[in-house]
Participant: 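There's a structure below that I have some questions on.
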Amino acid sequence: MSRSPDGVIVAGCDIGALTTKAVIMKDGALLGAEILNSRARGAESARRAMEGLLGRLGLQWDSISYCVGTGYGRNVVPFAQANVSEISCHGRGAHWLVPSVRTVIDGGGQDCKALLVDENGMLVDFRMNFKCAAGTGAALEVAAESLGIDVSELGPLSLQAAEPALLRKPCCILTQIEIRHHLFEGRNRADIAAGINEITALQILPLVRELDVEKDIAFTGGMAKNVGLLKCLERELGTEMVRFPEDPQLVGAIGAALFAADRARTRS
Amino acid sequence: MVIVENSRILAAETLPYRSFPDQAAVGAMEGALAKAGLRREDIALCLATGMGIRAVAFADDAVSEIISLHRAVRQLNSRARTVIDVGGHSFMAFNITEDGEIKESAVTDRCAAGTGMVLDAMAKVLEMPLDEMNTSAARSKKPVYINNQCPIFVESEVISLTNDGHDVLDLFAGVAASLAGKIAGLVGRVDLIPDVVMVGGVIRNSLVVSNLERKLGLGLTRLDGIDPQTVAAYGAALLAEERHRV
């Protein structure tokens, strides 16, 4: 159902709070993807991400017959014909990659969402946190900074922990102080990294538990790259989550491209 | 760090909490000793207070921040009935009874919204010293109000608004108003009985203070003769002095 008309090329562009993701699809298959840091310059990074991707694939701007924008900056994707909320896109993308998915936890740069999809990948219900940075990618970034490591190292490092350091503060800014105290007391960095993942999982889970969670469960967004956090969530949920054949950070953009394929089909 | 003798401040030192807390504590102690022309052995007793109590390795004991603040305020302003402390990471408010006892307190140690962190985030984004921003933004005719309270989200909202072409000082005026609104909400958890004394680093930001006074509908009293950031440390020093006498 997600195929665009034969030979037609569609695109999805997800401008998140921290990164911009662009994907291009053709005949129901992913041709390529690009991830850039966006921060404040959403429109500009969207253009750069898509331009880079087109160049790598040997395509032109006019090769794209339809593009859907999504994410925090979905309204400013300069080359998109339409935009769809990232909640719908994450559900759609996750379900397309692994059709058994019914529950999606999306850990983004500045928000966290839990959502349910039906057997067609369409949104049924969702919960969202956007008031507090705890339990979002931004929280992992500041925590990693306090630990003196890159956010990408948090997952692998945490797997070497003997016992997670106990972090109690619900606020990720105050957690920074707790992290410094643990470092001061000579606590092993791996233990602290594990502690960061533990508290982050505990901050995400209440959102998930508000929904009637159905298996399979998927974890998407940049936070899903953190294998330690993924394992914490799996332990708390008492089940394994699906593993994606693609980078989980691309799921929203893939969902957007699938919506673009729908539009291209309706139009032709 | 505050060193007192006969309840008088001999020296005070404030260090930012960027490095490890233990190093900051040692650095502040060394700085204060140097200012006072004293040596470590001259300190009869040291009490630690605040969030980083555990990091003050050289302290003889620790006292809670509210007890320290209460002690210092009682020393400096006997008419104080309400105390508001807005620091870099924390918020605290309490009432003092006619008899000088602590009554009704509200403490926020779970969330950085409504603390000086919001201003730090602004200074970082706008790349301008806080004092300078404060002075210039007071002239803003049309503050740009922001939606977020969490400092991390304030930072990205301000970045977006700056890129949308909003004036930096209008933004700062909006953030100051929003922070004052959040503080006013937290203050609502205690009784607002004059004199209302405000302490903590945020009081140095006159734009936040004037907004807060307007929202609370009364004037805030500052403590004379002390750096507003060192009030709790001064209280801890007074308590140390009392203990040493016993």
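So you know, we letter chains A, B, ... as the sequences are listed, proteins then strands, and number each from 1. Every heavy atom of this structure was used, including side-chain atoms; hydrogens, water molecules and symmetry mates were not.
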Participant: Other residues, nucleotides and ligands only: do more than 12 of their heavy atoms fall within 6.0 Å of NZ on B/Lys35?
Facilitator: yes
Participant: So which heavy atom on B/Ser156 is nearest to which on A/Gln110, and how close?
Facilitator: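 What the structure gives for the nearest pair is OG-OE1, 2.7 Å.
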Participant: Is it the case that atom CZ in B/Phe58 sees more than 12 heavy atoms from other parts of the structure closer than 6.0 Å?
Facilitator: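 Yes, the 6.0 Å shell around CZ holds more than 12 heavy atoms from other groups.
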Participant: Atom CZ of residue position B/Arg39 - does it have more than 12 heavy atoms of other residues, nucleotides or ligands inside 6.0 Å?
Facilitator: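 Counting neighbours around CZ of B/Arg39, 12 or fewer heavy atoms of other residues, nucleotides or ligands fall under 6.0 Å, so no.
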Participant: Check whether any side-chain heavy atom of A/Cys171 lies under 4.5 Å from a side-chain heavy atom of B/Arg110, and answer yes or no.
Facilitator: no
Participant: Please give me the minimum heavy-atom distance between B/His89 and A/Ile173, naming the atom from each residue.
Facilitator: CD2-CG2, 4.0 Å
Participant: Tell me whether A/Lys231 at atom NZ has more than 12 heavy atoms from other residues, nucleotides or ligands lying less than 6.0 Å away.
Facilitator: no
Participant: Is it the backbone or the side chain of A/Glu185 that comes under 4.5 Å from a heavy atom of chain B, or both, or neither?
Facilitator: side chain
Participant: Mind checking the CZ-CG spacing from B/Phe153 to A/Asp111? Nearest 0.5 Å is all I need.
Facilitator: 7.0 Å
Participant: Quick check on A/Lys131 against chain B: is it the side chain, the backbone, both or neither that has a heavy atom closer than 4.5 Å?
Facilitator: backbone
Participant: Give me the atom names and distance for the closest heavy-atom approach of B/Cys150 to A/Cys132.
Facilitator: CB-CA, 4.4 Å
Participant: Please check if atom CD in A/Glu163 has more than 12 non-hydrogen atoms from other residues, nucleotides or ligands closer than 6.0 Å.
Facilitator: no
